[in-house]
Amino acid sequence: MLDIKRIRENEKEVRQGLKNRGADTTAIDKVTSLDKDRRKLLTDVEALKNRRNVVSKEIGVLKKKGENTDTIQAEMRDLGNKITAIDVQVREIDVQLDAQMLLIPNIPHSSIPVGPDKFSNKVVREFGKPATFNFKPKTHVEIGDNLGIFDFDRATKMTGAGFPLFVGTGARLQRALISFMLDMHVKEHGYKELWPPAVCNSASMRGTGQLPKMAEDMYHVTLDDLWLIPTAEVPVTNYYRDEILDKPLPIYLTAYTSCFRREAGSAGKETRGLIRVHQFDKVEMVKFVEPETSYDELELLVSNAEDVLKRLGLHYRVLMLCSGDISFSAAKCYDIELWAPGQNDWLEVSSCSNFEDFQARRANIKYRKDGKARLVHTLNGSGVALARLVVAILENYQQADGSVVIPEALVPYMGGITKLEKT
RNA sequence: GGAGAGGUGGCCGAGUGGCCUAAGGCGCAGCACUGGAAAUGCUGUGUGCUCCUAAAGGGCACCGUGGGUUCAAAUCCCACCCUCUCCGCCA
């Protein structure tokens, strides 16, 4: 959520930011007009309330002296009715104002390219070189089917399309990658590990910005009004919801969770394989930092995610997303994409964002600076998403005979297995 | 699912209609004491909104949430939510 004062005082800048995003600015019209009405009513009603408070106190004193207060009480009764009437108006405005504010996305940071869509994203760096093959590289689906490490048909039987099922060394690979990444973030990058719930309540979903806008993209357990998390960002960021942190910043948290996404509106797209699925696994990194340092922290966050890929010897590139391509809550965002030879394309495996105080305002997360409570800045990034990482590993490390070499760093986590082979 | 207890400031905790402008304690900050610290003492310490060009200062709201009663509600009434304990069921 944006600061209403920022809209009030820098309306032009806010409007320009929204335009750069390709977002609708009519909410700004509504907000500024509601805000004006609200403040006028508040001034009026607060003056009346002040009078009521003062007179009520006097009544108490007079009564103690045994004096008759019927006339003043009648007067105050009228005043009370006036107050109630205005309060009702204020409350109606508050509801509308809140609803509008929740729909306004974050303002893109000045350092990012302005553009309407992903074609304006900027490649900021590239690591490694594309793997070369003396045979035609297969897709991960062909490789995996041949090795028997996943089973999409049976997964469809037990659940439905888009829910992957890993088998044997495929399942082992998942577990190995999770441990490998968590260990790295905990031991080398200074994160504290959490193992959070896979469902969250609506307040948490609102806190990180999934609700109200993204309701259709999530699985909703209506009986209990709980939501399956689309990313560990939700439980991990809400870890500190409604708190004033008394520990020193920055705070780094990491967590592995399954992630659930309905992928509404993408029916028929990339239905085969692991690239777009309803449930996938991800290690997430979340940071709570002082506003002054949040952009430095973002660079560090990206490098933490890159370290995972470097260690696995994968070819990747880092994109700075343009104003039209960043997510609802983000002010600045880097995507990391892995090269997948079988797809002959780049795969997004990480998205690292600075939300500034946008989530902190919604989730009410503060810290103390010189005795004053201030909103923290929140950041998060995938470190990294498993399903597509597996795609890249299979496609990059595939051999002519159909086997797949396990990247060296992963071998200890695979219990010494160095190669996935048909059994 | 059944029964009971409870939700008050950063934290603990008192408070059953009007000096509650929320006692007391802990924590935190400043000062004093000290060679320095601890201990001790003193002082100060909530959040949000709003008025004011700004500062200074003023006002309003907030004791789980939402309603209600009253001139006046942390306190009385109604509904709901959450947490804890015990019992039942259960990995």
Side-chain angles (χ1 to χ4, degrees), chain A residues 1-11 31-102 195 197-207 211 221-227 235 238-249 251 258 288 290 357-376:
Chain A
M1 193 154 65
L2 295 180
D3 187 354
I4 183 94
K5 284 187 201 130
R6 181 171 177 188
I7 299 176
R8 210 183 280 156
E9 286 158 20
N10 303 299
E11 193 181 326
V31 162
T32 48
S33 131
L34 287 167
D35 179 49
K36 246 178 228 152
D37 295 346
R38 175 172 174 276
R39 284 189 292 153
K40 172 80 182 78
L41 289 171
L42 276 183
T43 313
D44 294 348
V45 79
E46 283 177 8
L48 300 182
K49 283 180 179 173
N50 177 234
R51 176 159 161 72
R52 178 172 67 181
N53 288 344
V54 170
V55 175
S56 289
K57 220 161 255 178
E58 282 167 13
I59 290 174
V61 175
L62 292 173
K63 282 204 168 203
K64 229 167 232 167
K65 288 188 201 158
E67 292 184 31
N68 184 297
T69 55
D70 291 355
T71 323
I72 331 177
Q73 276 184 224
E75 200 184 302
M76 286 303 104
R77 206 173 301 133
D78 285 349
L79 187 64
N81 290 335
K82 271 185 207 158
I83 290 172
T84 306
I86 303 177
D87 271 347
V88 167
Q89 291 182 58
V90 172
R91 213 170 306 137
E92 279 166 7
I93 289 177
D94 278 344
V95 168
Q96 291 177 50
L97 196 55
D98 260 15
Q100 290 300 325
M101 289 297 287
L102 286 173
W195 191 286
V199 289
C200 279
N201 57 32
S202 296
S204 293
M205 289 298 170
R206 214 171 298 118
L211 286 180
V221 184
T222 50
L223 264 179
D224 300 293
D225 194 23
L226 294 171
W227 306 79
N238 280 280
Y239 184 58
Y240 287 124
R241 177 156 52 83
D242 291 322
E243 289 191 36
I244 299 174
L245 305 173
D246 53 7
K247 36 186 113 23
L249 299 180
I251 296 170
S258 285
F288 304 84
E290 296 199 49
D357 62 13
F358 190 86
Q359 291 182 328
R361 185 170 293 104
R362 286 177 168 238
N364 190 26
I365 305 170
K366 297 180 177 175
Y367 73 108
R368 284 192 193 283
K369 174 93 170 182
D370 304 322
K372 275 281 178 197
R374 299 167 81 200
L375 292 167
V376 301

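As the structure is a prediction and not an experimental result, all values here were calculated from the model. Per chain, numbering begins at 1; letters A, B, ... match sequence-line order.
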Kindly determine whether A/Ile251 and A/Leu249 satisfy side-chain contact (heavy atoms from CB on, under 4.5 Å), including the steps that lead there. CA-CA 5 Å; A/Ile251 296 170; A/Leu249 299 180; 3.9 Å; yes
Output the rounded distance in Å from NZ (A/Lys49) to P (B/U70). 17 Å
Gap in Å between the two P atoms, one belonging to B/C19 and one to B/C62, rounded: 15 Å
When rounded to the nearest Å, what value does the distance between C1' atoms of B/A91 and B/G4 take? 27 Å
What I'd like to find out is whether the side chain of A/Lys5 reaches to under 4.5 Å of the side chain of A/Arg8, using heavy atoms alone. yes
Candidate list A/Leu62, A/Ile72, A/Val61, test side chain to side chain contact (heavy atoms under 4.5 Å, CB included), partner A/Glu67, passing option: A/Leu62
Identify, residue by residue, the members of residues 69-94 of chain A with a heavy atom below 4.0 Å from RNA chain B, and return them in order of residue number, or none. A/Gln73, A/Met76, A/Arg77, A/Arg91
side-chain contact (heavy atoms from CB on, under 4.5 Å) between A/Leu2 and A/Phe358, worked out: CA-CA 6 Å; A/Leu2 295 180; A/Phe358 190 86; 4.2 Å; yes
How long is the span from the CZ atom in A/Phe288 to the OH atom in A/Tyr367, to the nearest 0.5 Å? 14.0 Å
side-chain hydrogen bond (donor to acceptor under 3.5 Å, both in side chains) partners of residues 89-99 of chain A, not counting sequence neighbours, each pair once: A/Arg38-A/Asp94
If I take atom CZ in residue A/Arg52 and atom P in nucleotide B/G59, what distance separates them, rounded to the nearest angstrom? 16 Å
A/Arg241 side chain to A/Ala363 main-chain N or O, any donor-acceptor pair under 3.5 Å? no
Under 3.5 Å, side chain of A/Asp357 to main-chain N/O of A/Leu375, donor-acceptor pair present? no
Please lay out, stage by stage, how A/Asp78 and A/Lys82 fare under the test side-chain contact (heavy atoms from CB on, under 4.5 Å). CA-CA 6 Å; A/Asp78 285 349; A/Lys82 271 185 207 158; 5.8 Å; no
Can you check the A/Asn201 CG to B/C82 P distance for me, whole Å? 10 Å
Is it the case that the side chains of A/Asn201 and A/Ser204 hold a donor-acceptor pair, with the cut-off being a distance below 3.5 Å and no angle test? yes
Are side-chain heavy atoms of A/Asn238 and A/Met205 found at a separation under 4.5 Å? no
In B/S/- notation, 5' to 3', how is nucleotides 45-52 of chain B contacted by protein heavy atoms closer than 4.0 Å? --SSSSS-
A/Asn50 CG to B/U21 C1', in whole Å, measures 14 Å
Output a table of donor-acceptor pairs, distance under 3.5 Å, between side-chain atoms of residues 40-51 of chain A and any protein atom two or more places apart or on a different chain; print 'none' if there are none.
| residue | atom | partner | partner atom | Å |
| --- | --- | --- | --- | --- |
| A/Lys40 | NZ | A/Asp44 | OD1 | 3.2 |
| A/Lys40 | NZ | A/Asp44 | OD2 | 2.9 |
| A/Thr43 | OG1 | A/Arg39 | O | 2.7 |
| A/Lys49 | NZ | A/Asp87 | OD1 | 3.3 |
| A/Lys49 | NZ | A/Asp87 | OD2 | 3.4 |
| A/Arg51 | NH2 | A/Glu75 | OE2 | 2.6 |

Where A/Lys366 and A/Val376 come nearest, the two heavy atoms and their spacing: C-CG1, 3.9 Å
Can you tell me how far P of B/A61 sits from CG of A/Leu48, to the nearest Å? 12 Å
Whole-angstrom distance between B/U47 and B/A56, as gauged at atom P: 15 Å
What is the distance, to the nearest angstrom, from the CG atom on A/Leu245 to the C1' atom on B/G27? 16 Å
How does RNA chain B read in dot-bracket, base by base from 5' to 3', with Watson-Crick or G-U pairs under 3.5 Å and | used when the partner is on another strand? ((((((((.[[[..)..(.....]]]((((((.......))))))((((((.....)))))).[[[[[..)....]]]]])))))))....
In Å, rounded to the nearest 0.5 Å, how long is the span from CD1 of A/Ile59 to OG1 of A/Thr69? 5.5 Å
Expressed as a whole number of Å, how far does the P atom of B/A38 sit from that of B/G24? 25 Å
Whole-Å P distance, B/U21 and B/A61: 11 Å
Between B/C11 and B/U50, how far apart are the C1' atoms? Round to whole Å, please. 30 Å
I need the single residue from A/Val199, A/Thr222, A/Leu211 that forms a side chain to side chain contact (heavy atoms under 4.5 Å, CB included) with A/Trp227. Which is it? A/Leu211
Measure the distance from CD on A/Glu9 to C1' on B/U53 and round it to the nearest whole Å. 12 Å
Write down the distance separating the C1' atoms in B/G18 and B/A72, rounded off to the nearest Å. 7 Å
B/A72 phosphate, OP1 or OP2, under 4.0 Å from A/Asn53 side-chain N/O: no
Please report the distance separating the P of B/C63 from the corresponding atom of B/A73, rounded so that it comes out in whole Å. 11 Å
Could you go through nucleotides 17-19 of chain B and list every protein N or O atom that sits under 3.5 Å from one of its N or O atoms, giving the distance for each pair?
| residue | atom | partner | partner atom | Å |
| --- | --- | --- | --- | --- |
| B/G18 | N2 | A/Ser56 | O | 2.5 |

